[in-house]
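Letters go in sequence order (proteins before strands), and every chain restarts at 1.
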Amino acid sequence: MPLVRIDGVRKTFTRRGAPPAHAVNGVSLSISEGETLALIGESGSGKSTLGRIALGLVRPDEGEVVVDGLNLSSAPRKDLQRARRNMTIVFQEPLQSLSPLMSVGQIIAEPLVIHDRNLAAEQRKERVMDVMRRVILDPDLYDRRPRELSGGQQQRVGVARAVITSPKFIVLDEPTSSLDLSVQAGILELLGKLQEDLGLAYLFISHDTATVDYFADRVAVMYLGQVMELGSRSDVFDNPRHPYTATLLSSALSADPREKPVGETLMGDIPSPSDLPEGCFFYSRCPLRSDPRCAWENPPLREVGAGHFAATFCELPG
Amino acid sequence: MLGSLGRGALSHKALTVGLAVIGGILVVGFFVPLPHDPVQPNPANTLAPPDGEFWFGTDRSGFDVFSRVFASARLDVPLALAGTLLSIAVGVPAGLLAGTKSRWSEAIMRGLDMFQSFPLLVLAFAVVALTGNSLRNVVFAIALVNAPRFVRLVRSEALSLRESRFIEAATAIGASRTRVMVRHLLPNTLGVVLAQASLAAAHAIIVIAGLSFLGIGISPPDASWGVMIRAGSQNIATGQWWVSLFPGAMVFCTIVAFNVVADGVHRLIGRVED
Amino acid sequence: MAPLLEVNDLHVEFKSRRRTVYAVNGVNFSIGEGETVGMVGETGCGKSATIRAIIGLLRPPGRIASGSIRLDGEDLTGLDARRLRRIRGAGIGFVPQNPFGALNPVLRIERQFRNVVRAHRRAGRGRIREDALEMLNGVGIADPERILGGYAHELSGGMAQRVVIALAMVLDPPLVVADEPTTGLDLTIQRQILDLIGKMATTRGSSMLLVTHDIGVVAQYCSRLLVMYAGRVVEAGPTNIVLRKPAHPYTEALLSAVPRRGRRLIAAAGAVPTLLSRPVGCYYYDRCRYRGDSRCATETPDLKEVSPGHWAAVFYRKPTMSAQEQAPEKATTQAQAQEDRDGDDAPGTD
């Protein structure tokens, strides 16, 4: 029984004056306890929306999400609020995600104030101090405002707030992509250690293949709100079967000058989520298009190896 | 970064100056012994031009204009502040409620539209005139005029704050809608509320002056700038300019001071770029 | 032959009444003709201030405190505003990070080409249009006519960046400065754009200064590399040497923070100095894992050549590297380094 089960989820955003945007178009995934599933994709791939759906922050139009036995799509609001001690999120923009007028101590303590109401103030402060030590934040920062902290410290506050109630599941929405390389390393290391210590399951959203390759157990490659390929990290990265995965990986630039990029540069832009293609979503940019069905039929996700899935008619040789 | 520090210093200066002017007027009105009794007419000295004894001259009842100008501050400024506080007390919660996605929001906004389709100042005058000439009603009148602005301001702030990440973060850790409103939205709207409050206070000064000019609210011999301007209005044509000029100047100074404070607050919370 | 761009002992300060930030503290480098040089560094390393000084867009309170910037032998630091405007565009093309900030939202793209060209020379509409079409073709835009007649907001991020590149290069400047040209673009688009910039530079013979925080970009697209830290160039040399055998401990730390499967990431301890005063001694002293004797604490190392064409601003080389240039204090250095490594299991707060 997986900890998180996402089943046939779809979401379309409608806004006055704009065409409807089909952000998530039929996604099914599951995450086990203590596991890191990475969602990798470019802009418009719907990965952030899917992350919010996985926490019940956005309600899907179709499909359902079950986290730790609770069906988020049908649970009453009170139950959903209570369940948030078990599941939460760390955002990409650390500063914007912290309430600007609250102190670091207040921010980290807030989940306790909400979920453990009868905790005495001293105990609460002790728990906050514990967590601050755990995420390696100087206790002197307790009374500071978020603005006064460095980017890395701000993100540590965000992580501390997320783990103080000992949750089981955390969505990491590009947690390091606005940080400098050396700061990113510290945050990734911290997240890895917390996962080991607390048995956390992560949904790690990223556009950076190198970080995902470093951090994830399993990888789902998203494109225009669909999962194109899903499998273990080594399945997807060493043996990609979907042409999109292959081109995405070859677009990543290695920091080692000896590892030259291979393959063709992917031409063209990502289609708009408001104007989805009829056949395979990748058709307009695909270098292969080797099957007559490509233009007309949207290929379903098929198992191409044990636990390795790809949604393509033009499967690359394994 | 550097620029914002420089701006910070500047805005503090404006704030300090504005608050000092208002504070100064109040201190003189309440604590500094005035040269003459502001409510004691002196028939021996009517319409005397400014001189060594009567610094701002006297009016046709022989009141000392200087003493009355500052004595007026005792009534006018606290009334203005009380009215503003009342409009905040009503307007801010209503605005927060109107900034939610609920049936309350619609109801409040439609009600406001209807209410604001009347000319509010006239409505305020009418309310005081009809409900009785008491100071309490003056405060109500001010709140009536100003509260709608607070509702709309807080609502628009709340709506834009709702899009921010930290509000999403609060929801994600399980905060209830009330908690999001009180702990996260409310504190972050207080900056603009404070700035708007200074503007509202300035406006309230005008409302009070207007009311008392028309003989509503405060009436002689109680000192109020509006009463004084009215008393002197007949004398302007005959050359006794000082009777109306000095209270008019005081109204002007107070309004400018409140506006400067509002501007300073705006700069302090980073809403105005130089 | 003299290099195309020569930056000599450049100092940039941001001076306000309250404080002074010493953003750039003696930067030296040069770019030869046809060369593509990458400049890498993290937030606050002075790379933006350096390139703003080069393109003459340093705004008060920022100012060049001392040093020279020579383009084709001419010092740009002393030029008046008019002459500087001529250099900008015709002498140096600039590709900023945010293309939409560089494009005028209310003018058609064709008009913007006209404005750029006519700021520097007389030219007829037809001629400019031809040039613009050719440039847009060159940056891989399939239907340049449509783009020329349209506005910036109709473009995707990748398209807008192509247009900006075309605008920056339409006057054939000998030097193009690109400031994080692909940050914020998707991976597949990033590669398109970088391939394009490279191709354009090669075919037109331009030199390129590519500023980025992404080591992958430098590794794949630049022949030479400058590593900046705290307003100084701490290491410079051919990309494949610097990235494979870094001589400066900062470069080494930066590289060991690049995520890679199966490797333990090493987070750097300590923080970048605030530069509210010029640090005494080596600017990297506080965070250095190899720091040696008091010389490191009192003297600022200048760039020196550690192997042909490879320069580093260090007194002591990393102990595990070649034995040459090892100071007599080798033993202590090694011991210290070992100690630092042991105590480094817990990353410091940033």
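Within the 4.5 angstrom heavy-atom criterion, only side-chain atoms of A/I114, from C-beta onward, approach chain B. Residue contact with chain B, scored on non-hydrogen atoms closer than 4.5 Å, is absent for A/V90. With a 4.5 angstrom heavy-atom cutoff, A/R82 does not touch chain B via any of its atoms. Within the 4.5 angstrom heavy-atom criterion, atoms from both the backbone and the side chain of A/Q96 approach chain B.
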Could you list the donor-acceptor pairs under 3.5 angstrom formed by side chains in residues 166-173 of chain B, with sequence neighbours left out?
from   : atom 1 : to     : atom 2 : distance (Å)
B/E168 : OE1    : B/R165 : NH1    : 2.9
B/E168 : OE2    : A/R52  : NE     : 2.5
B/T171 : OG1    : B/I167 : O      : 2.9

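Legend: residues meeting side chain to side chain contact (heavy atoms under 4.5 Å, CB included) with A/E148, ordered by chain and number and at least two apart, are A/R144, A/R145.
Shortest non-hydrogen contact noted between A/A160 and A/V131 is CB-CG1, 3.4 Å. Between B/A201 and B/L81 the shortest heavy-atom distance is CB-CD2, 4.3 Å.
Residues of residues 10-23 of chain A placed with any heavy atom under 4.5 Å of a heavy atom in chain B are absent; none qualify. Contacts with chain B (heavy atom to heavy atom, under 4.5 Å) involve these residues of residues 101-110 of chain A, listed by number: A/L101, A/M102, A/Q106, A/E110.
Looking only at heavy-atom pairs under 4.5 Å with chain B, the residue among A/V171, A/T165, A/L57 that has the most is A/L57. Counting heavy-atom pairs under 4.5 Å between each of A/P167, A/P146, A/G56, A/S99 and chain B puts A/S99 at the top. When each of A/Q81, A/M87, A/E93 is checked for heavy-atom pairs under 4.5 Å with chain B, A/Q81 comes out on top.
A/R134 and A/D130 are not joined by a salt bridge, as no carboxylate oxygen comes within less than 4.0 angstrom of a charged side-chain nitrogen.
Remark: B/F252 CZ is loosely packed, at most 12 non-hydrogen atoms of other residues, nucleotides or ligands lying under 6.0 Å away.
A/Q184 and A/T176 form a side-chain donor-acceptor contact under 3.5 Å, judged by distance and modelled atom types alone.
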